[in-house]
2 protein chains.
Amino acid sequence: MRIGELARRSGVSVRSLRYYEEQGLLTSERSPSGQRHYAEGDVERVLFLQRLYTAGLSSRTIHELLPCVDSPSLENSRAALERMAQEREKLSAHIAELLHTRDLLDAAMAAARRGKECLEEHEAA
Amino acid sequence: MRIGELARRSGVSVRSLRYYEEQGLLTSERSPSGQRHYAEGDVERVLFLQRLYTAGLSSRTIHELLPCVDSPSLENSRAALERMAQEREKLSAHIAELLHTRDLLDAAMAAARRGKECLEEHEAA
DNA sequence: CTTGCCTCTGACATGGATGTGAGGTTTTAG
DNA sequence: CTAAAACCTCACATCCATGTCAGAGGCAAG
């Protein structure tokens with residue numbers, strides 16, 4: 001499949017796909033004329049990359065983790081495995097942060113609602 | 001307290017504090033000579049702002065929520081309350097995403113560990 | 001062959017929070 | 001009084017994923 005189709009099927013812009021390649025996160029076969037061709041599995045790979053970006057990882061960080069994902073049995077994955085565990089911890093911490101933040105929002109909303117009700121009682125009176 | 005102390009106590013750069021003010025998220029009393037002065041409570045406010053930034057909200061979004069937080073009983077908080085509920089939903093969705101991503105990382109790590117063990121058996125043999 | 005769409009490279013633009021530096025005033029400590 | 005440290009404003013720089021545009025080539029259908 002060519003880049004346009006991969007873009008459509010993964011919901012990522014053509015521009016971004018080229019960028020991922022530039023960052024070493026995605027590879028492609030080139031036709032004699034230089035056009036990129038992708039395998040079916042690349043759709044899922046791109047979705048995975050998107051997921052990591054959404055989780056706040058940078059291209060560089062993702063690049064460091066990929067050896068672990070791509071060839072999980074090579075010895076270079078020892079370092080990648082550590083790196084991955086480290087990112088997992090960061091992610092967990094971030095999730096905890098967000099849960100806390102959500103609680104704060106809930107508290108603020110509850111307070112606001114109480115205030116609003118109080119105001120409405122005044123209006124009703 | 002002056003801006004340097006607030007920065008130190010909240011762990012945010014002086015630059016950022018001025019930026020928050022510029023974005024309407026933080027206010028300060030000015031001394032006759034123009035220096036900013038803050039109240040004790042502003043430390044916590046800045047921490048809260050940081051939290052919202054970390055949760056991925058933009059200055060503009062935070063600004064829209066603040067009426068709700070600052071004066072929970074005014075009528076302008078009706079819109080802010082909706083906005084807030086909306087952001088809360090986004091946040092929940094994001095958290096769910098992150099949990100899923102963490103699961104994927106866990107799966108990748110498990111696979112990598114299996115591969116590594118297999119390799120080590122080879123070495124041992 | 002031509003028209004239209006897709007792709008290529010390369011480069012510049014964007015947005016948002018923050019860093020950084022210049023040039024000048026205020027505050028504080030000795 | 002003086003020197004150091006903190007503050008002021010203004011403006012330009014940075015990072016990073018993307019958008020966007022220009023100019024050129026590739027490829028299928030009429």
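Chain identifiers are assigned alphabetically (A, B, ...) following the order of the sequence lines, protein sequences preceding nucleic acid strands; residue numbering begins at 1 within each chain.
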**Q** If you look at every strand shown and take non-hydrogen atoms under 4.0 Å, does B:Arg8 touch a base, only sugar-phosphate, or nothing?
**A** nothing
**Q** Any side-chain N or O of A:Arg18 less than 4.0 Å from the OP1 or OP2 oxygen of C:dC8?
**A**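 A:Arg18 to C:dC8 OP1/OP2: side-chain N or O found under 4.0 Å.
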**Q** Counting C-beta onward and ignoring hydrogens, is there a side-chain heavy-atom pair between B:Arg102 and A:Ser92 closer than 4.5 Å?
**A** yes
**Q** How is A:Arg36 classified with respect to the nucleic acid when contacts are heavy atoms under 4.0 Å: base, sugar-phosphate, or nothing?
**A**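 Sugar-phosphate contact only - A:Arg36 comes under 4.0 Å of backbone atoms but never of a base.
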**Q** Counting only non-hydrogen atoms, which of residues 39-51 of chain A are less than 4.0 Å from DNA chain D?
**A** A:Gln50
**Q** So, is B:Ser58 near the phosphate of C:dA17, with a side-chain N or O under 4.0 Å from OP1 or OP2?
**A**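 B:Ser58 to C:dA17 OP1/OP2: no side-chain N or O under 4.0 Å.
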**Q** In the structure I gave you, are the side-chain heavy atoms of A:Tyr20 and A:Arg45 within less than 4.5 Å of one another anywhere?
**A**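 No, every pair of side-chain atoms sits at 4.5 Å or beyond.
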**Q** Output the rounded distance in Å from CD (B:Glu22) to P (C:dG16).
**A**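 Result: 12 Å.
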**Q** Could you check how far NE2 of A:His37 sits from P of C:dT7, rounded to whole Å?
**A** 9 Å
**Q** Where do N or O atoms of nucleotides 24-27 of chain D meet protein N or O atoms at under 3.5 Å, pair by pair?
**A**
residue: D:dG26; atom: O3'; partner: A:Ser33; partner atom: OG; Å: 3.3
residue: D:dC27; atom: OP1; partner: A:Ser33; partner atom: OG; Å: 3.4

**Q** May I have the distance from B:Gln23 (atom CD) to C:dT18 (atom C1'), rounded to whole angstrom?
**A** 12 Å
**Q** Give the rounded distance in Å between these two atoms: CG of B:Leu26 and P of C:dA17.
**A** 15 Å
**Q** Hey, is the side chain of B:Tyr53 poking within less than 4.0 Å of OP1 or OP2 on C:dT18, counting only N and O atoms?
**A** no
**Q** Is B:Glu29 atom CD crowded by more than 12 heavy atoms from other residues, nucleotides or ligands, each under 6.0 Å away?
**A** no
**Q** Would you classify A:Arg60 as touching base, sugar-phosphate or nothing, given that sugar-phosphate means primed atoms plus P, OP1 and OP2, and contacts are heavy atoms under 4.0 Å?
**A**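 Here A:Arg60 touches no strand at all.
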**Q** OP1, OP2 of D:dT18 versus side-chain N and O of A:Ser13: anything below 4.0 Å?
**A** no
**Q** Answer yes or no: is there a side-chain heavy-atom contact under 4.5 Å between B:Tyr53 and B:Ser58?
**A** no
**Q** Between B:Arg9 and B:Glu40, does any side-chain N to carboxylate O distance fall below 4.0 Å?
**A** yes
**Q** How long is the line joining NE2 of B:His63 and P of C:dG16, in whole Å?
**A**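 In whole Å, C:dG16 P lies 15 Å from B:His63 NE2.
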**Q** Take atom CZ in B:Arg60; do more than 12 heavy atoms of anything else shown fall under 6.0 Å from it?
**A**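 Open.
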**Q** If you find the nucleotide of DNA chain D closest to B:Glu5 and the one closest to A:Ser16, which residue's nucleotide is nearer the 5' end?
**A** B:Glu5
**Q** Do A:Gln35 and A:Arg2 have side-chain N/O donor and acceptor atoms under 3.5 Å apart?
**A** yes
**Q** Taking only Lys NZ, Arg NE, NH1 and NH2, and the carboxylate oxygens of Asp or Glu, determine whether A:Lys90 and A:Glu87 approach each other closer than 4.0 Å.
**A** yes
**Q** Please report, rounded to the nearest Å, how far the P atom of D:dC21 is from the CZ atom of A:Arg15.
**A**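 Atom-to-atom, A:Arg15 to D:dC21, this comes out as 14 Å.
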**Q** Measure the distance from CD1 on B:Ile3 to C1' on C:dT18 and round it to the nearest whole Å.
**A**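 My rounded result for the distance is 14 Å.
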**Q** Can you tell me if B:Arg51 and A:His100 form a side-chain donor-acceptor pair at under 3.5 Å?
**A** yes
**Q** Would you check if B:Phe48 and B:Glu44 make a side-chain contact, meaning some heavy-atom pair closer than 4.5 Å?
**A**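 No. Closest side-chain heavy atoms not under 4.5 Å.
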**Q** Just how far, in rounded Å, is C1' of D:dC8 from CG of B:Leu6?
**A** 16 Å
**Q** Would you please confirm or rule out a distance under 4.0 Å between OP1 or OP2 of D:dT18 and any side-chain N or O of A:Tyr19?
**A** no
